[in-house]
Novice: 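Below is one structure. I have some questions about it.
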Amino acid sequence: MTYHPKSDFLATIIERGFMADCTDLQELDARMSRGPITAYIGYDLTASSLHIGNLVQIMLLRWLQKTGHRPITLMGGGTTKVGDPSGKDEMRRLITVEQIDENAASIRRVFDSYITYGDGPQDALMPNNAEWLDELRYIDFLRDIGRHFTINRMLAFESVKSRLDREQALSFIEFNYMLLQAYDFLELHRRYGCILQMGGSDQWGNIVSGADLIRRVEGTEAFGLTTPLVTRSDGKKMGKSAEGAIWLNEDMMSGYDFWQWWRNVDDADVGKFLKMFTELPVDECQRLGALGGSEINAAKVILANEVTGLCRGAETAAAAEATAREVFEKGGVGDELPTLALSAGDVEGGISIVQLFVRSGLANSGKEAKRLIAEGGARMNDAAVSDAGLMLGKGELSGTVKLSAGKKRHALVTLDG
């Protein structure tokens with residue numbers, strides 16, 4: 001029989017598709033029904049922005065706070081120096097402490113759009129595990145924490161086992177990662193009374209280890225909860241596209257491009273994505289997801305507006321929609337399209353159409369741009385481009401030039417001076 005939680009948080013996330021596994025669902029439900037709890041999700045700081053694959057966890061924290069509980073967004077300033085082996089085929093490139101700190105400050109801007117931080121009982125906290133991990137004395141750590149872990153059990157965890165099964169190297173520094181993550185949970189429990197760690201399904205072994213460590217060391221109950229791996233209807237992971245990662249930060253991806261990604265999702269994904277990444281009522285999400293024909297396009301616009309509004313603000317969403325209407329319905333040039341600004345020196349002696357497609361971000365390489373032209377997918381000012389050797393000078397680039405890659409991706413080129 002399916003369990004129906006009484007607590008608002010668990011009932012909400014199960015209904016909206018966020019639940020994969022929980023260490024003890026009924027006991028956690030009972031604990032959350034008695035009053036507010038503190039829960040956390042940890043984030044490695046390997047890039048200056050999170051991508052849409054991280055939105056599942058961010059929305060999880062948002063629902064946690066909206067239902068009366070306190071979220072912790074743990075910045076992994078310490079663990080990023082080690083590197084999480086989960087889901088990886090090789091050791092991550094180690095980055096400098098300065099870059100880790102810069103990434104933390106950049107990522108903070110996205111969390112501010114979803115979660116309220118402060119000093120109130122339900123206000124979110126953002127500690128950095130470098131606060132305690134940087135101060136660890138190695139022998140003391142091995143004696144106090146390492147003794148609770150057996151090599152046999154660590155080798156059985158999927159993040160380790162999968163690497164060894166594929167005969168790919170797993171460094172000793174990475175092997176330590178699960179001890180450090182478990183210790184994070186213990187430290188957050190001691191400092192803030194945190195009793196729940198959440199994360200993606202690939203983190204299950206690490207999360208269970210942390211809950212088990214708290215029980216062994218503190219003699220109290222702690223819980224773990226994971227979300228399913230969210231894939232698109234084509235089976236590909238969320239967060240990636242043919243053009244690269246779909247970044248949450250404005251400086252990594254324009255509001256228009258971000259909006260367009262959601263506007264162009266597959267029909268089959270609309271209902272699921274509305275439930276997970278917006279706050280529309282579930283019944284409305286299901287109704288919109290079930291639409292067919294041209295009506296599903298209206299549902300995609302709602303999805304794009306809702307997600308972009310939460311992440312980038314309502315003004316950005318409205319501007320992106322207006323630009324899309326201008327470009328697609330009226331054949332015009334929208335103000336919010338990505339823009340490549342050239343100087344007179346850039347076009348001295350001419351610039352090739354291939355270079356323009358690469359520099360504007362519509363192609364990742366010259367080879368890709370030439371293929372786009374050969375396949376008939378390249379357009380300039382809505383006219384087909386058939387010659388990959390085309391050179392353009394100041395005369396052809398005066399005013400504003402619109403480049404198009406297929407029907408859905410566009411960029412502007414302007415010439416200064």
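In this text, all values refer to a predicted model and were calculated from it rather than measured experimentally. In what follows, every heavy atom counts, from backbone to side chain, and hydrogens, waters and symmetry copies are set aside.
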Novice: Using modelled atom types only, decide if a donor and an acceptor are shared between the side chain of Thr80 and the backbone of Leu45 within a distance under 3.5 Å.
Specialist: yes
Novice: Ignoring hydrogens and geometry, is there a side-chain-to-backbone donor-acceptor pair from Ser106 to Glu102 under 3.5 Å?
Specialist: no
Novice: Using a 3.5 Å distance criterion without hydrogens, assess whether the side chain of Arg16 forms a donor-acceptor pair with backbone atoms of Thr278.
Specialist: yes
Novice: Between the side chains of Thr67 and Asp8, does any donor sit under 3.5 Å from an acceptor?
Specialist: no
Novice: Answer with yes or no whether the side chains of Gln260 and Asp257 bring together a donor and an acceptor at under 3.5 Å.
Specialist: no
Novice: Does any donor atom in the side chain of Asp184 or Trp132 lie under 3.5 Å from an acceptor atom in the other side chain?
Specialist: yes
Novice: Determine, for Tyr117 and Arg108, whether the Lys NZ or Arg CZ falls below 6.0 Å from the six-membered ring centre while staying within 45 degrees of the axis.
Specialist: yes
Novice: Counting N and O atoms only, with roles assigned by atom type, does the side chain of Asp266 sit under 3.5 Å from a partner on the main chain of Ala268, one being a donor and the other an acceptor?
Specialist: yes
Novice: Ring-plane angle category for Trp262 and Phe258, please: parallel below 30°, perpendicular beyond 60°, tilted otherwise.
Specialist: perpendicular
Novice: Hey, are Asn103 and Ser48 close enough side-chain-wise for a donor-acceptor pair under 3.5 Å?
Specialist: no
Novice: Sub-3.5 Å donor-acceptor pair from the side chain of His51 to the main-chain atoms of Ala245, do we have one?
Specialist: no
Novice: State, with a plain yes or no, whether a side-chain heavy atom of Gln57 is found less than 4.5 Å away from one of Tyr43.
Specialist: yes
Novice: Give a yes-or-no answer on whether the side chains of Ser404 and Arg379 include a donor-acceptor pair shorter than 3.5 Å.
Specialist: no
Novice: Between Thr226 and Gly200 (side chain of the first, backbone of the second, donor and acceptor by atom type, cut-off under 3.5 Å), is there such a pair?
Specialist: no
Novice: Any side-chain heavy atom of Ile52 sitting closer than 4.5 Å to one from Trp247?
Specialist: no
